[in-house]
J.: 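This is the structure, below, for whatever I ask next.
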2 protein chains.
Amino acid sequence: MKEGPDIARVAALIGDPARANILTALMDGRALTASELAEHAGVGLSTASGHLSKLSHGHLVQQRKSGRHKYFQLADGDVAAVLEALMGLASKDGPTRVRTGPKDAQLRTARVCYNHLAGQMGVQMFQSLVSKTVLDEQGADITLTPNGTAFMTEFGIDLDDLRTSRTPLCRSCLDWSERRTHLAGTLGRAMLREMEHKGWLRRDPASRAVVFTSRGKTAFDHCFPVGV
Amino acid sequence: MKEGPDIARVAALIGDPARANILTALMDGRALTASELAEHAGVGLSTASGHLSKLSHGHLVQQRKSGRHKYFQLADGDVAAVLEALMGLASKDGPTRVRTGPKDAQLRTARVCYNHLAGQMGVQMFQSLVSKTVLDEQGADITLTPNGTAFMTEFGIDLDDLRTSRTPLCRSCLDWSERRTHLAGTLGRAMLREMEHKGWLRRDPASRAVVFTSRGKTAFDHCFPVGV
DNA sequence: TGAATGCTTCGGTCATGATCAAACTATGAA
DNA sequence: TTCATAGTTTGATCATGACCGAAGCATTCA
């Protein structure tokens with residue numbers, strides 16, 4: 001077998017353990033340096049450099065030079081979505097799951113997906129926004145209603161600022177632990193940032209977990225009540 | 001690097017060209033024999049047998065013995081969804097796309113995704129059913145409305161028969177060429193089968209393409225008008 | 001009971017690519 | 001300028017695993 005479908009190229013790229021480690025490390029949306037990623041992957045710097053070059057050519061990651069550092073991040077949300085989907089498959093792969101530890105449960109309740117909130121709380125927020133008619137959901141198309149504009153402004157988000165970006169304001173993202181839609185796009189990102197800014201939550205620096213403060217959880221539930 | 005995340009195992013499984021060929025061959029939902037798959041993959045029978053054993057252990061395919069034949073098919077819809085997602089990523093991978101041929105356009109309009117209709121027409125059907133309130137969409141949850149029961153019966157589908165299965169009746173599936181939801185689940189499968197039975201469409205035996213007859217296209221547009 | 005077909009297992013060959021250390025380049029700091 | 005830090009390139013080693021043909025099972029058909 002020499003020439004296979006393109007799908008094989010991409011999958012093989014993700015299929016190397018070191019590269020998979022790099023990609024999962026980037027799943028929280030942060031940009032990391034080559035050395036940090038080498039550390040995460042558990043390989044030497046030269047090896048990591050080679051991997052990053054391949055991931056770059058495969059358009060799975062994006063690079064940005066800043067001084068003598070080079071920062072890497074996932075190319076876009078689609079890559080993150082594919083990784084999430086693969087995790088969904090892998091997690092039910094037979095009894096290999098030594099997982100479901102305490103960390104795992106925490107990821108299930110709230111985690112960062114690329115740059116927005118995912119997990120049970122991400123889904124709760126989204127569904128609450130839909131029933132409050134802040135968002136309108138038509139298939140995979142999410143739009144902000146006129147009603148929603150006021151809500152967001154009050155929440156502390158500068159919509160004009162967001163609209164300058166060429167990436168869509170609202171986007172749906174499928175949650176693989178919950179099998180439900182949650183909010184992505186620049187608005188999803190802005191809301192996560194705002195909640196962090198309000199002090200509702202804290203991002204675990206070592207993982208994708210998001211920890212709500214008790215005050216934050218209360219405010220969250222008040223702002224995004226379930227089953228309205 | 002020795003032990004990576006589970007995601008690497010799954011991705012590596014898909015990442016081999018021969019195995020990727022096998023999986024894409026199975027994307028139309030049909031069950032194929034080991035020899036047929038060896039042919040598709042372009043490798044010897046013994047090699048294909050080894051690959052199939054690995055795919056089986058990785059829970060990506062399912063096997064069923066029937067006489068002296070052994071049939072293989074994708075393990076479930078989630079696998080198909082991941083493959084579709086990977087195709088989405090691969091298709092925008094730089095200028096490597098010698099694709100976008102006539103076959104590609106045909107796949108974009110209508111194709112089989114695992115066992116249901118996908119592509120532009122799949123999306124059209126789904127959206128039409130939602131605006132006709134045959135289906136109700138809440139996030140990723142799709143349900144058949146009481147209204148919809150009558151519609152389906154008239155369409156020629158025996159719902160009681162479908163409900164005996166333990167897999168959900170309705171399920172949403174994200175279309176990666178259209179970036180929109182379409183209908184999966186046993187109902188999605190039944191509708192495709194019924195349309196084939198009505199003679200509206202014909203499945204290309206060599207690919208995932210679905211070709212509508214001109215009469216079928218007219219009936220389809222009448223039954224599932226766009227933008228109702 | 002053979003004979004034929006479909007698939008699996010085994011043994012051996014071979015190519016790929018992951019890895020590291022060391023040399024090299026580039027940027028920033030002293 | 002010189003030194004230190006961050007990253008890339010190169011060259012060599014080595015393990016993995018894809019591949020095939022031949023032999024081995026199993027199932028059906030005669």
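Numbers restart at 1 for each chain; the letters A, B, ... are given by sequence-line order, proteins then strands.
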J.: Under 4.0 Å between a side-chain N or O of A/Lys54 and OP1 or OP2 of C/dA18?
T.: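 A/Lys54 to C/dA18 OP1/OP2: side-chain N or O found under 4.0 Å.
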J.: Say whether, by atom type as modelled, one donor and one acceptor occur between the side chain of B/Arg19 and the main chain of B/Leu13 under 3.5 angstrom.
T.: yes
J.: Taking CG from A/Asp16 and P from D/dA15, how many angstroms apart are they, rounded to a whole number?
T.: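 Roughly 17 Å, once rounded to whole Å.
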J.: Should the heavy atoms of other residues, nucleotides or ligands under 6.0 Å from CZ of A/Arg208 be counted, would the total exceed 12?
T.: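 Count over threshold, so yes.
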J.: Roughly, in whole Å, what's the span from NE2 in B/His51 to P in D/dG17?
T.: 12 Å
J.: Using modelled atom types and a 3.5 Å cut-off, is there a donor and acceptor pairing between side-chain atoms of B/Gln124 and backbone atoms of B/Phe224?
T.: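 Yes: the side chain of B/Gln124 pairs with the backbone of B/Phe224.
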J.: Between C1' on D/dA18 and CG on B/Leu13, what's the gap in Å once rounded to a whole number?
T.: 14 Å
J.: What is the distance from NZ of B/Lys65 to P of C/dT5, rounded to the nearest Å?
T.: 18 Å
J.: Which heavy atom of A/Ala31 sits nearest to which heavy atom of A/Tyr71, and what is that distance?
T.: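 Closest pair (atom of A/Ala31, atom of A/Tyr71, distance): O-CD2, 3.7 Å.
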J.: Show the distances under 3.5 angstrom between N or O atoms of the protein and N or O atoms of nucleotides 7-13 of chain D.
T.:
residue, atom, partner, partner atom, Å
D/dG7, OP1, A/Ala34, N, 3.4
D/dG7, OP1, A/Lys70, N, 3.2
D/dG7, OP2, A/Ser35, N, 3.2
D/dG7, OP2, A/Ser35, OG, 2.0
D/dT8, OP1, A/Lys70, NZ, 3.1
D/dT8, OP2, A/Ser49, OG, 2.4
D/dT8, O5', A/Ser49, OG, 3.3

J.: Between the main-chain N or O of A/Leu45 and the side-chain N or O of A/Ser49, is there a donor-acceptor pair closer than 3.5 Å?
T.: no
J.: For A/Gln73, does the CD atom have more than 12 heavy-atom neighbours from other residues, nucleotides or ligands under 6.0 Å away?
T.: yes
J.: Look for any protein N or O under 3.5 Å of an N or O in nucleotides 12-14 of chain C and output each such pair with its distance, or none.
T.:
none

J.: Please test A/Phe72 against A/Ile22 for side-chain contact (heavy atoms from CB on, under 4.5 Å), starting from the C-alpha separation and ending with a verdict.
T.: CA-CA 10 Å; A/Phe72 293 86; A/Ile22 289 175; over 6 Å; no
J.: Counting N and O atoms only, with roles assigned by atom type, does the side chain of B/Asp78 sit under 3.5 Å from a partner on the main chain of B/Ala81, one being a donor and the other an acceptor?
T.: no
